[in-house]
2 protein chains.
Amino acid sequence: MDTDVRNEVKADHRPDVSLGRRSPLAKTRIVVADRNVITRVGLRSILERNAGMAVVAEATSYEAALDAVDEHGPDVLIIDLDLGDDTTRGLKLCEEVTDRYPATKILVLAQKLSEMIVVEALRRGVTGYLSKDDVKADELGKGVRAVQDGETVLGKGVGSMVARGLGSTRGAAEHLTDRELEVIRAVAAGLSNKQIAHQAFISESTVKFHLQNASRKLNAHRRAEIVHRASAAGLL
Amino acid sequence: MDTDVRNEVKADHRPDVSLGRRSPLAKTRIVVADRNVITRVGLRSILERNAGMAVVAEATSYEAALDAVDEHGPDVLIIDLDLGDDTTRGLKLCEEVTDRYPATKILVLAQKLSEMIVVEALRRGVTGYLSKDDVKADELGKGVRAVQDGETVLGKGVGSMVARGLGSTRGAAEHLTDRELEVIRAVAAGLSNKQIAHQAFISESTVKFHLQNASRKLNAHRRAEIVHRASAAGLL
DNA sequence: TGACCCCCTAGCCAAATGGCTAGGGGTAGG
DNA sequence: CCTACCCCTAGCCATTTGGCTAGGGGGTCA
């Protein structure tokens, strides 16, 4: 592999003093976006054990992540797409980054694997997808190097999801509308169609209409299944 | 059980520093149990910034966690109760630790907050409960010190859960039987009672019976709500 | 042995749901 | 203007469900 040269760098004692162009090889500059302090510190610690890798910025929100990429133009963005209430915001962010900074590779580090998110993220140019719980310490460094080289890295369990996801959703994974999501949340709370209708100031027919559409989009046929899928996708 | 022998072992192992009162020299000995490497590294890094705190062991399973407590008799056990498929195993572990090593305080660090788990954990002698995503770096050190001093530490959002949890479940939060869980999982997959009955080689009546019991235990009245609660409790 | 819990089954009935067809009205963009 | 998409409504019908009562059999533990 290409580890030989990097090993030389590792032999250097402290790279923090001379980060100009002292080393023959440029450092891999990384931005970490995760709302969780512990994860950020852990990532920094693990990655910086690898000579030639530096975490140049941390972010805890979608905005901050984009700003950090704007400012630092990193080689790799490591991100947990779940940075707020709205998970789909993370997908938009991926789109923007790959669009505006094609040189910045994205490595997603997810807490929970959701088929929809995985497929959609890859569709938007994400080059790596790992599961936080399954990843080993050494796989992180390898993964970063791999995505930097343009390889696609899929962690344990992710590959099969891609296969299933691409197979099942033949058009594209349609995403739920606001109203549909609202109804689904009410269903998850155990409300009947009648109750939901009253709550949302719409007729019972409309509630059924939204649920029918949601059923189709999520490929579910029972409201319990809809709730499960939506829950697994982090939508509730 | 066989606790006597272990107590001897524990007594043998402990007294490297006198820890009656916390002297500036006595380190707070911590065991970290979490399946996630990144979290373990991050925790160690953050905690050891605080002078006087040392992570003496890490564990990635319930067994290993108990072994580590057996061996090191730490002052504080920091644990994510979700170390495997069966979340209730974590609760049993809390019971065992508080039972056998009352001097070891338990600080739960949860990825997702589940009302049932929170209430049950506190009922079993856990003295601290923080949410990974909400906790600030400095709160960790403070939290560890607090639980070590016997204080109860509840993170953001945990307190309200306790209030609601203790209010609603007047007897005790009964936990689901294996069969009930099996049926709920099938419901989450969108199966009808008839299909579930066929799959589990039981009659449709029995499926309904299990669901009725699960409804009562989870305080839900619709299968969609059952699925939601079970999902939120990390049971699926 | 009795108390207790889990698992299993039956039948009844009102209510809710799933699946369908068949519409109208709004807004945004090519 | 046409198209697409979202939101809203109506009715019909078979099926499923929620909620209930009323049992039997087996295991464990005091």
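Labels below follow one simple rule: chain letters A, B, ... track the order of the sequence lines, proteins then strands, and each chain is numbered from 1.
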Partner residues of Val135(A) under the side-chain contact (heavy atoms from CB on, under 4.5 Å) criterion, sequence neighbours left out: Leu130(A), Glu139(A), Leu140(A), Ile38(B)
Set of side-chain hydrogen bond (donor to acceptor under 3.5 Å, both in side chains) partners for Gln199(B), sequence neighbours left out: none
Separation of atom CG in Leu176(A) from atom C1' in dC7(D), rounded to whole Å: 15 Å
Polar side-chain atom of Thr60(A) near backbone of Asn36(A) as donor-acceptor pair, under 3.5 Å: no
Donor-acceptor pair between Glu151(A) and Thr127(A) side chains, under 3.5 angstrom: no
Donor-acceptor contact below 3.5 Å, side chain Arg40(B) vs main chain Asp34(B): yes
Rounded to 10 degrees, the angle between the two terminal axes of the helix from dT1(C)-dA30(D) to dG30(C)-dC1(D), each from five pairs: 50°
Presence of Arg179(A) side-chain N/O under 4.0 Å of dC8(D) phosphate oxygens OP1/OP2: yes
Rounded distance (Å) that lies between atom P of dT9(D) and atom NE2 of His198(A): 13 Å
Length of the CD-P vector between Gln195(B) and dT15(D), whole Å: 14 Å
Counterpart residues, side-chain hydrogen bond (donor to acceptor under 3.5 Å, both in side chains), relative to Arg179(B) (two or more places apart): Glu182(B)
Nucleic acid footprint by protein, nucleotides 10-28 of chain C - heavy-atom cut-off 4.0 Å, B for base, S for sugar-phosphate alone: B-B---SSBB---------
d(NE2, His210(B); P, dG19(D)) in whole Å: 17 Å
Backbone N/O of His221(A) and side chain of Glu225(A): donor-acceptor pair under 3.5 Å: yes
Value in whole Å for how far the P atom of dG18(D) lies from CZ of Arg216(B): 16 Å
Short side-chain N/O contact from Thr206(A) to OP1 or OP2 of dC7(D), under 4.0 Å: no
Lys112(B): salt bridge (charged side-chain N to carboxylate O under 4.0 Å, His left out) partners, not counting sequence neighbours: Asp82(B)
